[in-house]
Amino acid sequence: MTIKIYGVPISTCTARATACLYEKEVDFELVPINFFGGEHKQPAFLSKNPFGQIPALEDGDLTLFESRAITAYVAEKFKETGTDLIRHNNLKEAALVEVWIQVESQSFDPAITPIVLEYVLAPMKGKTADKAVIDANLVKLEKVLDVYESRLSSTKYLAGDFYSLADLHHYPYTHYFMTTPWASLVNDRPHVKAWWEDISSRPAYKKMTEAIASC
Ligand SMILES: N[C@@H](CCC(=O)N[C@@H](CSO)C(=O)NCC(=O)O)C(=O)O
């Protein structure tokens with residue numbers, strides 16, 4: 001049974017889910033959703049995600065939504081193959097992976113998302129970016145990245161000296177953020193820069209960006 005991902009490659013949250021499948025080297029079918037045509041708000045998709053947001057996953061009779069729940073499922077289901085993303089044989093390491101998964105979701109994502117949505121998505125919709133929103137969230141993002149700089153001065157990756165799902169979750173929004181005029185927030189922090197260069201050199205990231213570029 002092939003796993004299906006419903007979404008579009010340029011969608012950051014779809015990309016988070018597909019990056020995990022690429023990292024685990026799991027075959028899947030991407031079922032395109034006509035995002036700009038509003039298909040994600042139609043009954044057929046709402047039956048997969050009542051919140052009307054992409055991505056959704058189907059694996060046999062299981063349907064999931066929320067990209068981080070999807071990656072957790074994939075990482076658990078395929079924990080014995082490919083990259084160990086969740087450190088399932090080491091309780092302490094697994095707990096630290098969860099800490100930094102939550103940090104990405106609760107602190108990093110809320111700061112970086114508005115910047116990317118304003119700078120990248122707004123023009124796609126013919127709108128001008130709201131500079132006040134960008135400026136306010138750049139301040140928040142700097143504070144988060146200062147914590148990352150400190151953490152990454154003592155560990156190679158966020159959860160420890162091993163790559164994990166916590167690092168992978170940063171792929172999509174950081175990918176877009178690095179195309180904005182504020183990439184220096186990453187590049188001016190040596191340990192954050194080294195971390196980003198390391199994790200974005202992985203094949204899974206390259207496959208994710210190739211899929212985005214193919215749109
Ligand atoms: N917490 C969820 C967010 C999904 C989401 O915002 N999806 C966007 C596209 S990705 O940027 C989306 O579907 N937006 C349309 C909408 O919110 O109506 C997740 O991680 O899967």
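One-based numbering, in listed order, for ligands and for the atoms of each. Just so you know, these numbers use all the heavy atoms, side chains as well, and skip hydrogens, waters and symmetry mates.
- Within ligand 1, the atoms closer than 4.0 Å to a non-hydrogen atom of Tyr173 are 11 (O), numbered from 1 in the order shown.
- Residues His170 and Trp195 bring their aromatic ring centres within 6.0 Å.
- Using modelled atom types and a 3.5 Å distance limit, the side chains of Thr71 and His169 yield a donor-acceptor pair.
- Residue, atom and distance of the protein heavy atom nearest to atom 6 (O) of ligand 1 are Gln53 NE2, 3.3 Å.
- Taking every non-hydrogen atom of Arg68 and a distance limit under 4.0 Å, the qualifying atoms of ligand 1 come out as 20 (O).
- The list of salt bridge (charged side-chain N to carboxylate O under 4.0 Å, His left out) pairs with a residue in residues 119-133, not counting sequence neighbours, reads Lys131-Asp135.
- Ligand 1 is never approached by Phe51 to a heavy-atom distance shorter than 4.0 Å.
- Protein heavy atom nearest atom 11 (O) of ligand 1, with residue, atom name and distance: Thr12 OG1, 2.9 Å.
- Near Lys41, meaning under 4.0 Å from any of its heavy atoms, are these atoms of ligand 1: 16 (C), 18 (O).
- A side-chain donor-acceptor contact under 3.5 Å links Asp109 and Thr113.
- Nearest protein heavy-atom contact of atom 12 (C) of ligand 1 is Phe35 CE1, 3.7 Å.
- Residue contacts with ligand 1 for Phe65 are absent, since no atom lies close enough (heavy atoms, distance under 4.0 Å).
- With respect to atom 1 (N) of ligand 1, the closest heavy atom belonging to the protein is Glu66 OE1, 2.7 Å.
- Taking the ring centre of Tyr171 as origin, the terminal cationic atom of Arg16 falls outside the region bounded by 6.0 Å and 45° from the ring axis.
- Nearest protein heavy-atom neighbour of atom 20 (O) of ligand 1: Ser67 OG, 2.7 Å.
- When only modelled atom types and interatomic distance are considered, Tyr6 and Asn49 share no side-chain donor-acceptor pair under 3.5 Å.
- Close contacts between ligand 1 and His40 involve ligand atoms 15 (C) [criterion: under 4.0 Å to a heavy atom].
- A cation-pi arrangement is not found for Arg189 relative to Tyr148, the charged atom failing to lie both closer than 6.0 Å to the ring centre and inside a 45° cone about the ring normal.
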Name every donor-acceptor pair, under 3.5 Å, that has one atom in a side chain of residues 208-215 and the other anywhere in the protein, sequence neighbours excluded.
from: Thr209; atom 1: OG1; to: Tyr205; atom 2: O; distance (Å): 3.3
from: Thr209; atom 1: OG1; to: Lys206; atom 2: O; distance (Å): 2.9
from: Ser214; atom 1: OG; to: Ala211; atom 2: O; distance (Å): 2.6

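- Those atoms of ligand 1 with a heavy atom of Ser11 less than 4.0 angstrom away are 9 (C), 10 (S).
- For ligand 1, the atoms sitting less than 4.0 Å from at least one non-hydrogen atom of Pro55 are 21 (O), numbered in the order shown with element in parentheses.
- Ring-centre distance between Tyr119 and Trp182: below the 6.0 Å cut-off.
- From the protein, the heavy atom lying nearest to atom 4 (C) of ligand 1 is Ile54 O, 3.4 Å.
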